[in-house]
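Just below is one structure, and these are the notes that go with it.
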Amino acid sequence: MRHSERHRTQRTGWLRAAVLGANDGIVSTASLVLGVAAAGADTRAILVAGVAGLVAGAMSMAAGEYVSVSSQADTERADLARERKELDDNPEQELEELVSIYVKRGLDRSLASRVATQLMAHDALGAHGRDELGISDTLAAKPVQAAFASAGTFAAGAALPLLTVLILPRAWLMWGLAGSSLFFLALLGLLAARTGGAPVLTSVLRVSFWGMLAMGLTAGVGALFGVSA
């Protein structure tokens, strides 16, 4: 009977971008709305500010993720190109490097030599990329995937505080928005932990704490400038 295992490492690329996008969408939009509301703005002005924050934030997240992950991908390609040249110029030295890596990982030298020889005969660049450079298909940088995941989840996260603004009356907006946003953040922490196999309580507390801090500081700034005005 074939034994199958379910690992979550292949999810780290898009999961990181998705959690970052959704968290930033909730926190930044809720903080922006709370700051504007604390300054005494009416519901229409609050919505306009929130929608502007959603669009600008989603575009910024997409651009930022694409640029940063593309830089990582460029570095990976450059390292692989350098490794390909070294394999062409000094195959014996590259074989010895691979043998040394396997010896350090616990294989005896004769077995390490056989393993390295067979792997290099099968896919020399793949073996060195994986075992020497730490680059694999599973963990390779994917700029477009990261950009879409981050922008989409930012927009989804930012839409939640805006829906709260539409539903709640102005008199209840401050406390209702803060409470609902904390609930959404806790739910995000739960979903991220379940998807990535991380401890649930730690994830929920981490996301909720930093979101609460950001919203509190922004609301304080809004109230300060609102009073000053």
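Along the sequence shown, the residues carry numbers beginning at 1. Here the structure is a predicted model, which is why all the values come from computation and not from measurement.
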Shared hydrophobic cluster for [X] and [Y] (ILVMFWY, side-chain gaps under 4.5 Å):
X	Y	answer
Val27	Val55	yes
Trp172	Leu166	no
Val200	Leu187	yes

Minimum heavy-atom distance between [X] and [Y], given as atom pair plus value:
X	Y	result
Val103	Ala112	CG2-CB, 3.7 Å
Ala127	Leu119	CB-CB, 4.1 Å
Phe154	Leu54	CE2-O, 3.5 Å
Ala186	Val204	O-CG2, 3.6 Å
Ser150	Met61	OG-CE, 2.9 Å
Thr153	Gly21	OG1-CA, 3.5 Å

Side-chain donor/acceptor of [X] to backbone N/O of [Y], under 3.5 Å:
X	Y	value
His128	Glu94	yes
Ser28	Asp24	yes
Ser68	Glu65	yes

Item to check | Inter- and intrachain pairs under side chain to side chain donor-acceptor pair (under 3.5 Å), touching residues 104-113, at least two apart | outcome: Glu96-Arg109, Arg105-Asp131, Asp108-Ser110
Checklist entry - Taking 4.0 angstrom as the limit, do Arg84 and Asp88 come out as a salt bridge? => result no
Item to check | From CA spacing to verdict: side chain to side chain contact (heavy atoms under 4.5 Å, CB included), Tyr66, Val144 | outcome: CA-CA 6 Å; Tyr66 184 83; Val144 175; 3.9 Å; yes
Checklist entry - Arg77 and Asp74: salt bridge (charged side-chain N to carboxylate O under 4.0 Å, His left out), yes or no, with the steps? => result CA-CA 5 Å; Arg77 283 193 292 269; Asp74 290 343; 2.4 Å; yes
Checklist entry - Could you state the interatomic distance from CE (Met120) to CG (Leu95), rounded to the nearest 0.5 Å? => result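 Reported to 0.5 Å precision, the distance equals 5.5 Å.
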Checklist entry - Should Ile26 and Phe183 count as side-chain neighbours, where that means a heavy-atom distance under 4.5 Å? => result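 They are not in side-chain contact.
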Item to check | Hydrophobic cluster (4.5 angstrom, side-chain heavy atoms) - remaining members for Leu205 | outcome: Leu201
Next on the checklist: Going by side chain to side chain contact (heavy atoms under 4.5 Å, CB included), Val165 matches just one of Leu47, Val51, Val36, Thr29. Which one?
Outcome noted: Leu47
